[in-house]
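Comments concern the structure below.
Remember, it's a predicted structure, so these values are computed and weren't measured experimentally.
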Amino acid sequence: MAIDILMPALSPTMEEGNLAKWHVKPGDAVKSGQVIAEIETDKATMEVEAVDEGVVDALLVAEGTEGVKVNAVIARLKGEGDAGAVSAPAGQASEGGGSRSAPERAVASPPQSTLRADNSPSQGSTVAISATAAGDERIPASPLARRMAQLAGIALSGVRGSGPNGRVVKRDIEAAMGKQPIANCRALALAPTTAPAPAQVKTLAQLGVPEGSYDLVPLDLMRKTIARRMTESFRDIPHFPLTVDIELDALMKARADINGRFGDQGVKVSVNDMIIKACALALMRVPEANSSYTPDGLAMHHHADVAVAVAIPGGLITPIIFTAETKGLAQISAEMADLAARARERKLRPEEYQGGTFSLSNLGMMGIKSFASILNEPHAMILSVGAGEKRPVVKKDALAIATVMSVTLTCDHRAVDGAIGSAWLKAFKGFVEDPMSMLL
């Protein structure tokens, strides 16, 4: 009985990916847990493991294939007693695949397995595969069960599978939902998701730019995702900016003292590390700001998980310092350096850049004086940090010189109004201008 291997969804928002590399070839025996492929998402390159055992019958999507749709069949294993089936050659792409770098583009035969209403396979069976992540448990589940769990907001890690080899199936999700079997759940779960029609975008020719006067660089997955998410955020979320100037002299002196005293122990704290800490403490000081809007209510987060924008080739990514309010500056500095380095190599795991409660974007090191960022859902606020520079200030009715930076807080007005945003900025400014208060 043939076993189809599907393109995995390596994140909740993933719709397609690039099949970067195969680690197996036709005729190879595959064991459960064995790495069989590398998949490129919009943020990282991840290894993919097989869940069940078998012999590779065919690789239906070739290395280097771009835009392979989630749940498209990418390979087939020979099941027990299979004499060998006639399969598409390894160079062909599955029906959900996208463009290839090779001149020719081929389409594989349609998947052999279909699900009946009782969730049993009518021809062959479909095997779920999961992305490897350090310490993560691999959770085998049928595509229907995964879709039902996603719709119901149920974590598969909390569901005990009753299928073969502990696989989570439809009845397990229904039991977790505490409901009677839903007759139309299969139709609901397997129905394609419809998205609103995209706005008509004028071509460069329509805008008067002659063809041949430019080179067109194809959009990769990261740039497509950034374009889609930022368009949705700017268009759909009512937002407003709040800007304040903050003096940095005390913070810079504290940083120099810390690095001078503990530098021989490998500690090298940056201004950005101290800003991360100040953001986290301000979120704890003003808990109303540490929230996310949902249609069912405001999610009030227990911890300050600060997502920090890191520029990488082709775009940016926001690795997260989790529970930043509980960590010292040395730990924040070490974690941030590690996350930034692996982000530039596209080696971050999804759980290291997905989620979070607050965003921070710092362009001060690039000399940008002031700017406002677009909200990064589900965060209700994002802080844009400009460069610190010497400016004239008035102290005790006399002119003085101070190092000042401008910061702009962009707020989701559905969750954070002007009073809450202002209270958060006041708390943040207090921590930055009096860094000793961060020790309390």
Side-chain angles (χ1 to χ4, degrees), residues 242-287 289-290 303-310 319-340 356-370 381-396 400-409 420-440:
L242 298 171
T243 301
V244 68
D245 292 337
I246 301 176
E247 294 187 16
L248 288 179
D249 294 290
L251 182 137
M252 294 175 68
K253 181 179 183 305
R255 171 179 175 263
D257 291 344
I258 291 171
N259 290 341
R261 182 171 179 179
F262 300 102
D264 57 350
Q265 300 178 27
V267 175
K268 188 177 181 181
V269 174
S270 69
V271 170
N272 202 54
D273 298 329
M274 301 182 78
I275 289 175
I276 292 171
K277 180 70 172 182
C279 287
L281 293 177
L283 290 170
M284 295 295 99
R285 179 72 60 84
V286 187
N290 195 29
H303 295 286
D305 300 329
V306 181
V308 183
V310 175
I320 301 168
I321 302 293
F322 289 96
T323 62
E325 79 280 5
T326 68
K327 296 174 179 176
L329 291 173
Q331 184 176 358
I332 290 175
S333 177
E335 286 189 17
M336 197 63 240
D338 172 64
L339 289 169
T357 69
F358 178 90
S359 296
L360 170 65
S361 179
N362 189 346
L363 292 179
M365 67 287 293
M366 298 182 181
I368 301 301
K369 181 176 180 179
S370 178
M381 302 194 307
I382 181 170
L383 184 70
S384 308
V385 179
E389 59 182 2
K390 296 289 185 181
R391 300 184 196 173
V393 297
V394 177
K395 293 186 177 182
K396 297 181 180 180
I401 300 296
T403 304
V404 179
M405 71 175 182
S406 297
V407 300
T408 299
L409 183 70
I420 295 174
S422 298
W424 184 90
L425 273 176
K426 180 180 179 180
F428 172 76
K429 180 175 180 177
F431 287 123
V432 173
E433 293 189 339
D434 182 13
M436 292 298 291
S437 64
M438 288 194 263
L439 302 178
L440 299 178

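- Screening residues 252-261 for side-chain hydrogen bond (donor to acceptor under 3.5 Å, both in side chains) gives K253-D257 as the qualifying pairs, with residues at least two apart or on separate chains.
- Separation of atoms CZ (F358) and CG (L283) is listed at 5.5 Å; rounding is to 0.5 Å.
- Scored by the side-chain contact (heavy atoms from CB on, under 4.5 Å) test, I320 finds D305, A307, F322 as partners (sequence neighbours excluded).
- Side-chain contact between I276 and V308: present, with at least one pair of heavy atoms (C-beta onward) separated by less than 4.5 Å.
- S384 and S361 share no side-chain donor-acceptor pair at under 3.5 Å.
- With rounding to the nearest 0.5 Å, the separation of CE in M336 from CD1 in I321 is 5.5 Å.
- Taking the side-chain hydrogen bond (donor to acceptor under 3.5 Å, both in side chains) definition, one finds that T357 meets it with N290, sequence neighbours left out.
- When all heavy atoms of E325 and A304 are compared, the pair lying nearest together is OE1-N, 3.1 Å.
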So V269 and F262, side-chain contact (heavy atoms from CB on, under 4.5 Å) or not? Walk me through it.
CA-CA 10 Å; V269 174; F262 300 102; over 6 Å; no

Determine whether V310 and L339 satisfy the following criterion, side-chain contact (heavy atoms from CB on, under 4.5 Å), listing intermediate values before the conclusion.
CA-CA 9 Å; V310 175; L339 289 169; over 6 Å; no

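- In terms of the salt bridge (charged side-chain N to carboxylate O under 4.0 Å, His left out) criterion, residue partners of E335 (sequence neighbours excluded) are, by chain and number, K327.
- Among pairs with a residue in residues 263-284, those fulfilling side-chain hydrogen bond (donor to acceptor under 3.5 Å, both in side chains) read S270-D273, N272-N362, D273-S333, at least two apart in sequence or across chains.
- Every residue meeting the ring-ring contact (aromatic ring centres under 6.0 Å, His included) condition with F428, not counting sequence neighbours, appears here in chain and number order: W424.
- Atom CE in M405 sits 4.5 Å away from atom CD1 in I246 (nearest 0.5 Å).
- Listed by chain and number, the residues in a side-chain contact (heavy atoms from CB on, under 4.5 Å) with K369 are E389, R391 (sequence neighbours excluded).
- Evaluation of the side-chain hydrogen bond (donor to acceptor under 3.5 Å, both in side chains) rule for S422 yields no partner, not counting sequence neighbours.
- By the 4.5 Å heavy-atom criterion applied to side chains, L425 and V407 are counted as neighbours.
- Across L360, I368, L363, a single residue satisfies side chain to side chain contact (heavy atoms under 4.5 Å, CB included) together with V385, and that is L360.
- Residues P392 and I401 come closest through the heavy atom pair CA-CD1, 4.1 Å.
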For residues 432-440, run the donor-acceptor check on the side chains, cut-off 3.5 Å, and write out each pair with its distance to 0.1 Å, sequence neighbours left out.
from : atom 1 : to   : atom 2 : distance (Å)
E433 : OE2    : E247 : N      : 2.9
S437 : OG     : D434 : O      : 2.6

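- The minimum heavy-atom distance linking G421 with L242 is given by the pair C-CD1, 3.6 Å.
- Of all heavy-atom pairs between S406 and D245, the closest is OG-OD1, 2.6 Å.
- Pairing each heavy atom of V286 with each of A427, the nearest pair is CG2-CB, 4.2 Å.
- Here the OG1-CG distance, from T403 to L251, works out to 10.5 Å after rounding to the nearest 0.5 Å.
- Under the salt bridge (charged side-chain N to carboxylate O under 4.0 Å, His left out) criterion, K396 pairs with no residue, sequence neighbours left out.
- Scored by the side-chain contact (heavy atoms from CB on, under 4.5 Å) test, A387 finds no partners at all (sequence neighbours excluded).
- Of all heavy-atom pairs between G388 and L248, the closest is CA-CD1, 3.9 Å.
- Distance check: Q331 CD to L329 CG gives 10.5 Å after rounding to the nearest 0.5 Å.
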